[in-house]
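Numbered from 1 within each chain, the chains take letters A, B, ... in sequence-line order.
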Amino acid sequence: MANEINNFQEIISHCKEYGYIFQSSELYDGLSAVYDYGQMGAQLKKNLRDEWWKSMTQMHDNIVGIDAAIFMHPTVWKASGHVDNFSDPMIDNKDSNKRYRVDHLIEAHVATLEKEAGEAMIAEMDKLLAADDLTGLKTLIETNKIKCNISKTCNWTDVRQFNLMFSTQIGSVAEEADTIYLRPETAQGIFVNFLNVQKTGRMKIPFGIAQTGKAFRNEIVARQFIFRMREFEQMEMQFFVRPGTQMEWYNYWKDARKKWHESIGIPAEKLRFHDHVKLAHYADAALDIEFEFPFGWKELEGIHSRTDFDLSQHAKYSKKKIQYFDNDLNAEGKAYGNYTPFVVETSVGLDRLFLTVISLAYQEEKWTKEDGTEDSRVVLKIPAKIAPTKLAILPLLKKDGLPEIATELLNECKPHFHCFYEEKDAIGKRYRRMDAIGTPFCVTIDHQTKEDNTVTIRYRDTMTQERIPLSEVKNIVAKGCL
RNA sequence: GCGGAAGUAGCUCAUUUGGUAGAGCGAUAGCCUUCCAAGCUAUAGGUGGCCGGUUCGAGCCCGGUCUUCCGCUCCA
């Protein structure tokens, strides 16, 4: 385990050293739990996003993609339950340093009381919670001598409100402005556009709406590199189904999503399902697809059966009918008619997927050369199809007309995939540099190329090389990246 | 948020009771080189995380702060 943590440190260092990930605002000492993607990282992230987008929209006739704004009407977050559930008064015990949600603390105490006294206290608490009376809540805790379970003392801090949503104002004059939130999840942008997409796209149930985009959560503690950030990117697909068929689709997406992760090179044994025991207020079934990160098994993607909760809530708050008319016939030969569709959600953290790919790819290799000396390299074995740079074109020498041939090849290839050109330094050093950034293919132009139009292609993962026709380079690399 | 540890060049580290910072690797430019970090030459990079205090003098001592890591805590 200690080894794995060290390895995680090395992955983080490597990400910085080779332009994958930088800490945000590093010039100013950084901003906690916020990271920037560098020149390599941005490309890898884009490739992952593109793969997902393609698998969802292009590969499914009944899934379309949208791009909703980060800002949304404030009522959206009341309807979704985020205003109520994403904001909890918390209190810390100064002796044990244990933090409690105020309502949980009081409810636990109430469980020890007589029924009548308990109900009175709950009523009092609800009143204070509704009024956002934090001082009153503290008084309630202190006058009833509610103790911490660990320290058995009543030495409490003030009650503080932790709102997990970031807020800002629309409009330039603060007093006149409405408080709006930066979305804590992208899903709501899909739900509020359900009717727009269904009608304009003439979508028939079952169908899905996919979206990628930033979401924001003001985590109390955000750590573990890019695993938990305050600003992060989600890739979500909400699949709308006929009520009663949700479990069927839930199981379908559960398998489909796991297979997708395997298709981008994540080994099956590094993935597992974790069923939620305690379900969120909107769900009738939920599970995580977990990956074995360097710091343990953690959620990579969530599959949730969200029932009709979201659409119903938005219908209620907007006072608009959000329904679907289903002309298909049921067992009795009648149309299913009007109903509020049920939703099965798949939601991947793109940053977590990035971390998954990088932690699998990072490898340190050591071996003994033929002359008996030790050699080593650090290599990112990123699957070719998502690697940021696909091909490095390397003239063996920067003279004798070799750069000219190489440049010609570069011009032929670069409309088709991302290439890197380098004529500096010894060939071995250039190979090592390409290993470090994860370029799967290197092609070297040498003097023999001038005689018979062949080049050496060198494979990153095996370090083996072979002679291929110059004219075949583009096709071979393109095929290798499928 | 609490407790512990750390922060010196892009990276890994030196500077061992306080006397205005060095190396290796890397980078850049050139020379030389026919396939896995070769060699030679030159160059660039640090107001020692930041702010303040003690001192004739602080990378080193003290306080604060920011960031990171570890353990708790939190994660609808």
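- Straight-line distance between the P atoms of G19(B) and C62(B): roughly 16 Å, to the nearest whole Å.
- Among the heavy atoms of the strands, none lies under 4.0 Å from R430(A).
- Using N1 to N3 plus N6-O4 or O6-N4 for Watson-Crick, or N1-O2 and O6-N3 for G-U wobble, each under 3.5 Å, C11(B) pairs with G24(B).
- Across all strands shown, C36(B) has no partner, as no Watson-Crick or G-U wobble contact with both distances under 3.5 Å is found.
- Taking atom P in both C72(B) and A9(B), the straight-line distance is 32 Å, to the nearest Å.
- In this structure U17(B) sits in no base pair that meets the Watson-Crick or G-U test at under 3.5 Å.
- Contact check, K429(A) against A27(B): a side-chain N or O comes under 4.0 Å of OP1 or OP2.
- Within 4.0 Å of I12(A), counting heavy atoms only, lies no atom of the nucleic acid at all.
- Remark: G52(B) base-pairs with C62(B). Criterion, Watson-Crick or G-U wobble with two distances under 3.5 Å.
- Distance noted for atom C1' between A5(B) and U33(B): 48 Å (whole Å).
- Among the atoms of the strands shown, none is found under 4.0 Å from any heavy atom of E26(A).
- With no hydrogens or angles considered, a side-chain donor-acceptor pair links Y362(A) and E364(A) at under 3.5 Å.
- Applying the 3.5 Å distance criterion, the base of C11(B) shares no donor-acceptor pair with the side chain of S13(A).
- For K424(A) and A37(B), the NZ to P distance is 16 Å, given to the nearest whole Å.
- Residue R433(A) has no polar side-chain atom (N or O) positioned under 4.0 Å from OP1 or OP2 of G26(B).
- Using P as the reference atom, G10(B) and A6(B) are 23 Å apart when rounded to the nearest Å.
- Comparing G24(B) with U65(B), their P atoms sit 40 Å apart, to the nearest whole Å.
- With hydrogens and angles left out, the side-chain atoms of T168(A) and Y181(A) include no donor and acceptor closer than 3.5 Å.
- In G26(B) the base sits anti relative to the sugar, since the glycosidic angle is further than 90° from 0.
- Using N1 to N3 plus N6-O4 or O6-N4 for Watson-Crick, or N1-O2 and O6-N3 for G-U wobble, each under 3.5 Å, U41(B) pairs with A29(B).
- In a base pair of the Watson-Crick type (N1 to N3 plus N6-O4 or O6-N4) or a G-U wobble (N1-O2 and O6-N3), with each distance short of 3.5 Å, C69(B) is matched with G4(B).
- Not one N or O on the side chain of Y282(A) forms a donor-acceptor pair closer than 3.5 Å with the backbone of D308(A).
- Side-chain atoms of R458(A) stay outside donor-acceptor range of the base of C35(B), with no qualifying N/O pair under 3.5 Å.
- Between the side chains of E236(A) and T186(A), at least one donor-acceptor pair of N or O atoms lies under 3.5 Å.
- The base of C35(B) is paired with the side chain of Q465(A) by a donor and an acceptor separated by under 3.5 Å.
- The cationic atom of R217(A) (NZ for Lys, CZ for Arg) does not lie both less than 6.0 Å from the six-membered ring centre of F232(A) and within 45° of the ring axis.
- Remark: S376(A) is not in phosphate contact with A37(B), judged by side-chain N or O atoms under 4.0 Å from OP1 or OP2.
- Residue contacts for K399(A): at a heavy-atom cut-off of 4.0 Å it reaches the sugar-phosphate backbone alone, with no base atom in range.
- Judged by distance alone, the side chains of S305(A) and D284(A) do bring a donor and an acceptor atom under 3.5 Å apart.
- Within the 4.0 angstrom heavy-atom criterion, no nucleotide atom of any strand lies near D435(A).
- OP1 or OP2 of U67(B) has not a single side-chain nitrogen or oxygen of Q23(A) nearer than 4.0 Å.
- Using a 4.0 Å heavy-atom distance criterion, Q448(A) is classed as making no nucleic acid contact.
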